Structure formats: C-alpha cells, structure tokens
Peer 1: 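My structure is below; once you've seen it, I'll send some questions.
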Amino acid sequence: MKLIRDIQEEIIRLKKEKDICILAHCYQSDDIMEVADFTGDSFGLAKKAAQSGHKNVIMCGVRFMAETVKILAPEKRVYLPRGEAGCPMAEQLDIDMLRQLKEMYEGYTVVCYINTTAELKTLCDVCVTSSSAVKIIRQIDNDKILFIPDCNLGDYVSKQIPEKQFKFIQGGCPTHARLTVNDVKNAKAAHPGALLLTHPECRPEVVAMSDFVGSTTEIMDFAANSPEKAFIIGTESSICSHLGMSHPDKLFFPITKDCVCHNMKVTNLVDVLHCVQGVDGEEIDLDSDTISKAKVCIDEMLRMGG
Ligand code: 13P
Ligand code: SF4
C-alpha cells in the first residue's frame, strides 16, 4: 500500500511540472490541505484565484468555488477533482425563481452569497462571503437589500446593519442548519467553560448563544489567538481536526459529530492525484456571456471587500 506522503510527494512533483496551483477550502481533509498552494475561506480563495500566476488551477472544494476561479481567470484551465462535489445551497434557487423575485422586489439591490451558481450570479448586483458580507453590504448605496439564498447568514448580517431593510428567501446550508439549541446545550453541559465559536450559516438561535461568530478562517484565527484553552466548534467537523493538529495544547469539541458536509468530503487525496495526473476530474467550462455577466458581482465583492 502507498503511504500518504508518497502520494503527496507525487502530487507536489506533478503540480510543479504541469504549472498547477492547488487551492483547498478549509473543509478539506488535512492531507489535501498539506499539498495545497493556498488554503482558506471562500473569500480568501476568491482573492487567490484572481492573483495566481499558474496556467492551471485545481479547486479542492465544491463547484461554485471552481466556477468563481473560472469567472475571475477565464484564461486558466480550472478543474474540480470530483465533478459531483456541489453545494446543495448553491442550487436552491434557479434563474427563473430569481427573475420572479427581482420583479417582486424592484428597487432592491440583489446581494448573493458566493454559494450560488455562476448562472444565478449573472442576475446579481453584489456577491458576498461570510467573512465579507457585513463590510460590503454597509457600503451599498441602497437601503433595500434582497439577500439570497442563505436566510441564516442574512439574518446575522441584517442584525449588524439594522438601518437597512432586508428581504430573504428560505434557503440555507443543510449542514449548519442541522445544529440546534439542544445540541449547543448538550455540548456546553459536556464541556463547561469552553467557548462556543459558530459559523453564521447556523440558525439565529444557535448564533445568539455563541461567544464568537465568523467564517471558517475567522473561527480558526480566533481559536489560535485566544488565551482560552477549550472551544466548542459550530461549523463543519474538519475545522476541529485542523485546529487540533495546529494547537495540540488546546481542546476542540464539535457541537455534534454529525456536522459533516458530505459534498466537501467527496474529494480525497487520491482524487487530487488523479486530477494532477490528468486521468480524472472535471474541467470547468462556462460560456463567455455567463463569465462576463457573473464577474460583475464578484468584482464588486473584491472591490468593496478589500
Ligand atoms: P466560508 O469558507 O466563507 O466560511 O464558508 C463556509 C462554507 O460553507 C463554504 O461552503
Ligand atoms: Fe454548501 Fe454547507 Fe457544504 Fe458549505 S458546508 S459547501 S454551504 S452544504
């Protein structure tokens, strides 16, 4: 049997030989993160996509992330190691539903979470991520905001910007929305004194019980820099694993062991090897009209998000 480090060395050798940049979202496994050129949250990955000098990019994450790379750098060849790695939230709304919503809420600025398809982004004014949403929406020169599709993130953002009027739809992340107040109570009872760190995709009542709310990298940075030693983590379980490996002097407990995004977990290290070898993986193909229209809202995000 091949050792993990043999596979990793082969990936590293091939990515250099073939001018490939590997980007990995923080929900990927440790062995994939170790071979990546850049790891981060959705906003960090989007910024890197715009900057990378490589001809080819492999996105270890889900489809909307690979589409974002293609939109920002259409001259690059962009691959998903496993084509079926999608984000269910990104597909909760289709283009006709969004057209109807825009008619219903005429005069509203349409803000989409980056967890949307490229097609949906063609009809949106501004794109945001969990770490950039508050900063960006504050700068929008309109008090009326139609926020799609995650009503939990939308609720969190709207509470920071009470001066604006928000409209939401019933969308959201099935992985985070699964976490309940009872789960939090049980975790707090099992780990008294541990700080609760949650992602804003969680339900409002879970967010309200938290000591810190942030994106995946914001949660990891908070835990790294905090003088506290024990944390309950309210986001995808891989964040607990990464934090445990980086900070063995601290304790990290998932709210529940069921907070797993199976879509993010579809990709494993061997899939990444096959993708750099060119024997498997899906190349992202978007037509030029979709790219130019979807780019408008992503450019706005990068401009206002800094
Ligand atoms: P962030 O990486 O922006 O925290 O988003 C989490 C997520 O669910 C990505 O799909
Ligand atoms: Fe989508 Fe939720 Fe998985 Fe993120 S964690 S990719 S939002 S299903």
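No experiment lies behind these values; they were computed from the predicted model shown. First listed ligand is number 1; within each ligand, the first listed atom is number 1.
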Peer 1: Under a 4.0 angstrom heavy-atom cut-off, which atoms of ligand 1 come close to Glu201?
Peer 2: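 Near Glu201, meaning under 4.0 Å from one of its heavy atoms, ligand 1 has 6 (C), 7 (C), 8 (O).
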Peer 1: Show the atoms of ligand 1 that are less than 4.0 angstrom away from any heavy atom in Asp41.
Peer 2: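 By the 4.0 Å cutoff, the relevant atoms are 1 (P), 2 (O), 3 (O).
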Peer 1: Could you tell me whether Glu17 and Arg13 make a salt bridge, using a distance below 4.0 angstrom between a side-chain N and a carboxylate O?
Peer 2: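 Here Glu17 pairs with Arg13 in a salt bridge, since their nearest N and O are under 4.0 Å apart.
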Peer 1: Report yes if some heavy atom in the side chain of Tyr108 is under 4.5 Å from a heavy atom in the side chain of Lys167; otherwise report no.
Peer 2: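 They are in side-chain contact.
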Peer 1: Quick test of your reading of the model: are Lys159 and Asp155 salt-bridged, counting only N-O distances below 4.0 Å?
Peer 2: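 Between Asp155 and Lys159 there is a salt bridge, with a charged N closer than 4.0 Å to a carboxylate O.
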Peer 1: Angle between ring planes, Tyr27 versus His176, binned at 30° and 60°: parallel, tilted or perpendicular?
Peer 2: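 Geometry flag for His176 against Tyr27: tilted rings.
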Peer 1: Just jot down the ligand 1 atoms closer than 4.0 angstrom to any heavy atom of Thr216, in number order.
Peer 2: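 Result: 1 (P), 2 (O), 4 (O).
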Peer 1: Spell out, as yes or no, whether a donor-acceptor pair under 3.5 Å connects the side chain of Lys76 to the backbone of His54.
Peer 2: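 Flag set: sc Lys76 to bb His54 pair under 3.5 Å.
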Peer 1: Looking only at non-hydrogen atoms, which of Ala90, Ser130, Gly44 approaches atom 3 (O) of ligand 1 most closely?
Peer 2: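 Of the listed residues, Ser130 has the closest heavy atom.
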Peer 1: Just heavy atoms, cut-off under 4.0 Å: does Glu236 contact ligand 2 by side chain, backbone, both, or neither?
Peer 2: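 Neither part.
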Peer 1: Can you check whether Leu286 reaches Ile284 side chain to side chain, under 4.5 Å on heavy atoms?
Peer 2: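 Side-chain contact under 4.5 Å: yes.
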Peer 1: Distance only, no hydrogens: is a donor on one side chain within 3.5 Å (strictly under) of an acceptor on the other, for Thr198 and Ser210?
Peer 2: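 There is such a pair between these side chains.
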Peer 1: Touching ligand 2 at all, His25? Heavy atoms, strictly under 4.0 Å?
Peer 2: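 Distance cut 4.0 Å: His25 fails for ligand 2.
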Peer 1: Restricting to side-chain contact (heavy atoms from CB on, under 4.5 Å), what partner residues turn up for Cys275, sequence neighbours left out?
Peer 2: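 Counting only residues at least two positions away or on another chain, Cys275 forms a side-chain contact (heavy atoms from CB on, under 4.5 Å) with Ile58, Tyr79, Pro81.
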Peer 1: Could you find the nearest protein heavy atom to atom 2 (O) of ligand 1 and give me its residue, atom name and distance?
Peer 2: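 Result for atom 2 (O) of ligand 1: His25 NE2, 2.6 Å.
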Peer 1: Have a look at ligand 1 and work out which part of Glu218, if any, has a heavy atom under 4.0 Å from it: side chain, backbone, both or neither.
Peer 2: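 No part of Glu218 comes within reach of ligand 1.
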Peer 1: So, for Phe222 and Phe212, is the gap between ring centers shorter than 6.0 Å?
Peer 2: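 For Phe222 and Phe212, the ring centres are under 6.0 Å apart.
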Peer 1: Do Thr180 and Asn182 pair up side chain to side chain, a donor and an acceptor below 3.5 Å, judged on atom types alone?
Peer 2: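 No donor-acceptor contact under 3.5 Å links the two side chains.
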Peer 1: Do Arg82 side-chain atoms and Cys60 backbone N/O form a donor-acceptor pair below 3.5 Å?
Peer 2: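 Not confirmed, Arg82 side chain does not pair with Cys60 backbone.
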Peer 1: Checking contacts here: is it the side chain or the backbone of Phe43 that comes within 4.0 Å of ligand 1, counting heavy atoms only? Could be both or neither.
Peer 2: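 Under 4.0 Å from ligand 1, Phe43 contributes no heavy atoms.
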Peer 1: Please list the nearest protein heavy atom to atom 10 (O) of ligand 1 with its residue and the distance rounded to 0.1 Å.
Peer 2: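 Nearest neighbour among protein heavy atoms for atom 10 (O) of ligand 1, to 0.1 Å: Asn115 ND2, 3.3 Å.
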Peer 1: For atom 6 (C) of ligand 1, grab the closest protein heavy atom and report residue, atom and distance to one decimal in Å.
Peer 2: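 Nearest protein contact, heavy atoms only, for atom 6 (C) of ligand 1 is His199 NE2, 3.4 Å.
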Peer 1: Any luck finding a side-chain donor-acceptor pair between Ser241 and Ser238 under 3.5 Å?
Peer 2: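 Their side chains do not contain a donor-acceptor pair, so the 3.5 Å distance test is not met.
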Peer 1: Find all atoms of ligand 1 within a distance of less than 4.0 Å from any non-hydrogen atom belonging to Ser215, and give their numbers and elements.
Peer 2: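 Within the 4.0 Å cut-off of Ser215, ligand 1 contributes 4 (O).
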Peer 1: Output yes when a side-chain donor or acceptor of Lys121 lies under 3.5 Å from a complementary backbone atom of Thr116, and no otherwise.
Peer 2: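 Side chain of Lys121 to backbone of Thr116, a donor-acceptor pair under 3.5 Å: yes, one is there.
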Peer 1: Is the contact between Thr235 and ligand 1 made by the side chain, the backbone, both, or neither, using heavy atoms and a 4.0 Å cut-off?
Peer 2: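 The answer is neither.
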Peer 1: Under 4.0 Å from a heavy atom of Ser42: which atoms of ligand 1 are those, numbered in the order shown and with their elements?
Peer 2: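 Under 4.0 Å from Ser42, ligand 1 has these atoms: 1 (P), 2 (O), 3 (O), 5 (O), 9 (C).
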Peer 1: Just the protein N/O/S atoms under 2.8 Å from atom 1 (Fe) of ligand 2, please, no waters.
Peer 2: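 Hits for atom 1 (Fe) of ligand 2 below 2.8 Å: Cys87 SG.
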